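Please read the structure below before turning to the comments.
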Amino acid sequence: SQTIHQWPATLVQPVGSPLSLECTVEGTSNPNLYWYRQAAGRGLQLLFYSIGIDQISSEVPQNLSASRPQDRQFILSSKKLLLSDSGFYLCAWSVGYGGNQPQHFGDGTRLSIL
Amino acid sequence: AQKITQTQPGMFVQEKEAVTLDCTYDTSDQSYGLFWYKQPSSGEMIFLIYQGSYDEQNATEGRYSLNFQKARKSANLVISASQLGDSAMYFCAMGSENTGNQFYFGTGTSLTVIP
């Protein structure tokens, strides 16, 4: 069966520090991968999605970037965090196209910027 | 443009009663899928149920059913026999042929089950 691992679960970082969040999927090949951010009490905002290695689409201009160095690995990074980067970050995977298969989510990372 | 609307910010239901969470969508695509997710306070997003636009029967998964009314563009989630563990945020989402791999999510409904 397929599983998704996301870490760390919580992170407290000072403003201006770098960031690296990692997500890996097991049990499937060539998944679509996604990074979302959820502000407190709000819905999900799609940040990046990837349909293959080194194929990344950015949905929201910001100081975050994403990379997919391996088929089942998706990394969210920043060189310098802002206060507004605080939130709950969720990684997800899917197969299929056009809304015919669900996205499956990791447990999320709670990021607090001080 | 694709859009998902959830008009109920918060709902309350008595334990063991049924509850309906509303979701309407807007799309000009013919082929699309509708999804419901549950997000407990711990944060993980749990996939509950899926309805394809060409499915003629309403989807059911255990105590969850999806009341799909295509002409009205609504996809309401019905939870039967509510349990205390059903207290959570619930999100409706849609993917379609022209959005490719992307989903659009609603703003969510907070459900509280009262003992």
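If you're wondering where the values come from, they're calculated on a predicted model, not measured in any experiment. In what follows, every chain begins at residue 1, and chains take the letters A, B, ... in the order their sequences are listed.
Most heavy-atom pairs under 4.5 Å with chain A: of the set B:E97, B:Q6, B:M89, this distinction falls to B:E97. When A:R110, A:Q6, A:H104 are compared by the number of non-hydrogen pairs under 4.5 Å with chain B, A:R110 comes out ahead.
Note on A:L83: it clusters hydrophobically with A:L11, by side-chain heavy-atom contacts below 4.5 Å among ILVMFWY residues. Placement of B:F91 and A:L90 within a single hydrophobic cluster is found when ILVMFWY residues are connected by side-chain heavy-atom separations under 4.5 Å, directly or transitively. Hydrophobic clustering (ILVMFWY, side-chain heavy atoms < 4.5 Å, transitive): A:V25 and A:I56 are in one cluster. Residues B:V113 and B:L77 fall within the same hydrophobic cluster, defined by Ile, Leu, Val, Met, Phe, Trp and Tyr side chains chained together at heavy-atom separations under 4.5 Å. B:Y50 is not connected to B:Y25 by any chain of hydrophobic side-chain contacts under 4.5 Å among Ile, Leu, Val, Met, Phe, Trp and Tyr, and they are in different clusters.
Considering all non-hydrogen atoms of both residues, A:F88 and B:Q39 come closest at CE2-NE2, 3.8 Å. Closest heavy-atom contact between B:F35 and A:G99: CZ-O, 3.4 Å.
Contact annotation: the side chain of B:Y37 approaches that of A:Q103 to within less than 4.5 Å [non-hydrogen atoms, C-beta and beyond]. Contact annotation: the side chain of B:E44 never approaches that of A:F105 to less than 4.5 Å [non-hydrogen atoms, C-beta and beyond].
We find the OH-CG distance between B:Y32 and A:N100 to be 14.5 Å, quoted to the nearest 0.5 Å. To the nearest 0.5 Å, the span separating OG1 on B:T99 from CG on A:L46 amounts to 10.5 Å.
With a 4.5 Å cut-off on non-hydrogen atoms, A:D107 touches chain B through its backbone and its side chain both. Of the two parts of B:M45, the backbone and the side chain both hold a non-hydrogen atom closer than 4.5 Å to a non-hydrogen atom of chain A. Residue B:S110: no heavy atom, backbone or side chain, is found under 4.5 Å from chain A. Only the side chain of A:Q38 comes within less than 4.5 Å of a heavy atom of chain B; its backbone N, CA, C and O stay farther away.
Within a 6.0 Å radius of CZ in B:F12, no more than 12 heavy atoms belonging to other residues, nucleotides or ligands are found. Atom NZ of B:K70 has more than 12 heavy atoms from other residues, nucleotides or ligands within 6.0 Å.
The ring of A:Y34 has its center no closer than 6.0 angstrom to the ring center of B:F103.
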